[in-house]
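Letters A, B, ... mirror the listed sequences (proteins, then strands); counts begin at 1.
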2 protein chains.
Amino acid sequence: MNILEKITNELDTLSKSERKVAEVILSSPSTVIHSSIAALAKQAKISEPTVNRFCRRLDTKGYPDFKLHLAQSLANGTPYVNRHVDENDTADEYTSKIFESTMASLELARKSLNSNDINRSVDVLTQANKISFFGLGASAIVAHDAQNKFFRFNVPVVYFDDILMQRMSAINSRQGDVVVVISHTGRTKSLVEVASLAKENDATVIGITTTGTPLAKECSIVLSVDVSEDTDLYMPMSSRIAQLALIDVLATGFTLRRGSKFRDNLKKVKDSLRSSRFERKD
Amino acid sequence: MNILEKITNELDTLSKSERKVAEVILSSPSTVIHSSIAALAKQAKISEPTVNRFCRRLDTKGYPDFKLHLAQSLANGTPYVNRHVDENDTADEYTSKIFESTMASLELARKSLNSNDINRSVDVLTQANKISFFGLGASAIVAHDAQNKFFRFNVPVVYFDDILMQRMSAINSRQGDVVVVISHTGRTKSLVEVASLAKENDATVIGITTTGTPLAKECSIVLSVDVSEDTDLYMPMSSRIAQLALIDVLATGFTLRRGSKFRDNLKKVKDSLRSSRFERKD
DNA sequence: AGAAAAAATGAAATTTTATTTCATAATTTT
DNA sequence: AAAATTATGAAATAAAATTTCATTTTTTCT
């Protein structure tokens with residue numbers, strides 16, 4: 001844990017003099033890491049042993065060790081955090097906030113993913129007779145993207161962003177088929193039903209959704225993508241990006257499982273697009 | 001600069017004994033931050049003053065100060081970098097690599113964006129009579145996503161991922177229309193043509209592409225989204241994610257420009273979806 | 001190659017910094 | 001209000017880092 005947070009937390013377990021030390025440190029931690037124990041004691045108007053005791057109370061070995069912890073906390077700079085866009089933000093500000101929040105979400109999502117489930121998903125995907133990706137709204141584009149990727153693998157793949165098509169497709173699915181259902185909320189009724197229908201028809205259902213949602217309960221494998229809420233502007237933002245990163249992971253797992261010869265084919269697919277592009281001069 | 005990198009850089013300006021110190025530090029920096037100068041000297045089999053001189057040569061005030069720098073470098077953790085997926089990676093490894101590369105790309109993309117251009121883009125978007133988003137392949141999903149977002153704003157918006165439709169739409173465009181053309185490579189012939197057609201017909205053309213591409217040259221406003229190459233598996237990965245983040249930025253700018261009353265409407269749009277979802281228990 | 005100069009190195013001394021000890025002061029409990 | 005507990009700092013001690021300086025090693029220049 002960050003030592004600065006720790007100081008704040010334990011502020012009330014400290015004695016009066018120790019609190020003075022804490023206050024000096026909190027008010028200007030970057031100065032403190034360059035101060036000797038004597039200098040800090042003087043600034044806080046207490047004695048050196050008090051500083052020492054203060055350090056020990058925070059589970060450090062002594063003053064130099066404490067400074068080390070402090071230095072590390074300061075170094076952590078701005079780890080990406082969700083920063084909310086504010087009414088009066090300049091373009092620069094909201095751009096930074098959005099990019100940083102997105103990065104923070106990716107970090108969170110990565111933690112919520114379980115490599116075991118990814119492995120199992122890659123297993124079933126590589127062995128599938130047919131792969132279908134279903135999503136609605138913002139998740140539709142994720143399904144769309146997945147189709148675009150898996151299509152390059154030369155496997156039977158479809159995507160639907162239409163409730164009825166999804167339903168028909170789910171009903172017609174069979175053993176050996178894999179249905180990937182994508183929904184951030186995991187509460188979209190029609191998608192939950194589609195998942196359940198596909199499962200009844202013996203398809204393997206992979207859910208890309210948040211942990212513990214109704215959709216998660218209907219799936220054979222759940223790939224949990226937990227991100228902080230997309231509350232800023234009432235529209236999905238980070239969630240779909242984290243889902244796309246997961247699609248990349250699945251696609252990568254797929255190609256790795258298929259071996260190097262398969263990857264040569266991918267290169268051919270890419271090269272086939274060349275004639276549609278303007279040449280690069282460099 | 002990271003002190004570990006600095007040590008590596010200056011390795012050949014160091015004397016023989018100092019290099020021994022450097023090697024011990026590089027091989028196990030986390031041990032060193034808990035060692036005294038004597039302990040380190042002993043481990044490197046040199047004298048204490050040598051350690052001290054080593055520290056000074058790296059522009060630190062002395063050994064304790066050096067340790068502080070070292071601690072900070074260690075705390076910085078792994079700044080996100082592009083790490084390439086390897087044939088023998090485990091699921092955990094390639095998942096981490098993909099997420100981290102994505103984050104690294106977002107960081108890069110954010111730097112390549114110019115807030116002035118964003119501001120101008122938001123300007124023209126808020127004043128547009130009609131907005132069209134065009135993309136092909138992986139960029140098609142970005143266009144698709146943009147439509148999804150801007151549709152909520154209750155403005156006339158279309159998206160096309162079909163060459164002919166894009167062409168027809170471009171030809172029919174007029175003053176006051178905004179055409180957003182999305183292409184990572186910026187070299188897709190048909191898209192460059194579409195951009196040029198739209199421009200000839202007096203539409204404002206916003207290009208979401210890499211700096212200095214043929215597409216960029218045809219646009220009224222270029223939003224440069226530079227990411228490191230998506231070379232890993234011959235398919236677009238980070239590029240489309242960075243583009244999506246940019247769409248979020250534009251959508252956010254749009255709503256901020258429109259004011260708070262407009263945002264209440266967005267909430268209504270979101271709430272309208274509620275009945276299609278299973279209730280949340282919490 | 002060999003002498004002179006320069007640079008590098010470490011032992012010992014010194015200085016700085018941190019910690020411990022212990023007496024006293026402040027606070028809490030009874 | 002006395003006793004017990006806890007907090008505090010002065011002084012002593014210990015530890016760590018730095019400086020000084022003599023010695024060794026390396027480099028440069030005949």
* Figure out the NZ/C1' separation between B:K45 and C:dA11, and round it to whole Å. => 20 Å

* Presence of A:S15 side-chain N/O under 4.0 Å of D:dT8 phosphate oxygens OP1/OP2 -> yes

* To do: Would you indicate which nucleotide in C:dA18, D:dT18, C:dT9 comes nearest to any side-chain atom of B:E18?
  => C:dT9

* Asked: Measuring from B:L244:CG to A:I241:CD1, what's the distance to the nearest 0.5 Å?
  -> 5.0 Å

* Asked: Closer than 4.0 Å, any side-chain N/O of B:R56 to the OP1 or OP2 of D:dA17?
  -> no

* Side-chain H-bond candidate by donor/acceptor type, A:N116 with A:R120, under 3.5 Å -> no

* Picking from D:dT26, C:dT27, D:dA17, which would you name as closest to the side chain of B:K16? -> D:dT26

* **Short side-chain N/O contact from B:S17 to OP1 or OP2 of C:dA8, under 4.0 Å** => no

* N/O (side chain, A:T50) to phosphate O (OP1/OP2, D:dG9) under 4.0 Å -> yes

* Could you work out which one of D:dA10, C:dG10, C:dA18 sits closest to the side chain of A:P49? => D:dA10

* From A:I46 atom CD1 to A:S17 atom OG, the distance as rounded to the nearest 0.5 Å -> 7.0 Å

* Let me know the distance between NZ of B:K42 and P of C:dT9, rounded to the nearest Å. => 21 Å

* Send over the distance from A:N52 CG to D:dA7 P, rounded to a whole Å. => 15 Å

* Structure fact -> Taken to the nearest whole Å, CD1/B:I46 to P/D:dT24 is 19 Å

* Whole-Å gap separating C1' (C:dA7) and CZ (B:F54) -> 18 Å

* Asked: Side chain of B:R53: nearest nucleotide among D:dA17, C:dT9, D:dG9?
  -> C:dT9

* Structure fact -> Between the CD atom in B:E18 and the SG atom in B:C55, the distance rounded to the nearest 0.5 Å is 9.5 Å

* Taking atom P of D:dT25 as reference, at what distance in whole Å does atom NZ of B:K20 sit? -> 12 Å

* Distance check: side-chain N/O of B:S36 vs OP1/OP2 of D:dA15, anything under 4.0 Å? -> no

* Please tell me which of A:Y63 and B:E48 maps to the more 5' nucleotide of DNA chain C, matching each residue to the nucleotide holding its nearest heavy atom. => B:E48

* Within this structure, what is the NE2-to-P distance between A:H34 and D:dA17, rounded to whole angstrom? -> 16 Å

* Asked: Taking atom SG of A:C219 and atom CD1 of A:I208, what is their separation to the nearest 0.5 Å?
  -> 9.5 Å

* **Rounded distance (Å) that lies between atom P of C:dT19 and atom NZ of A:K61** => 10 Å

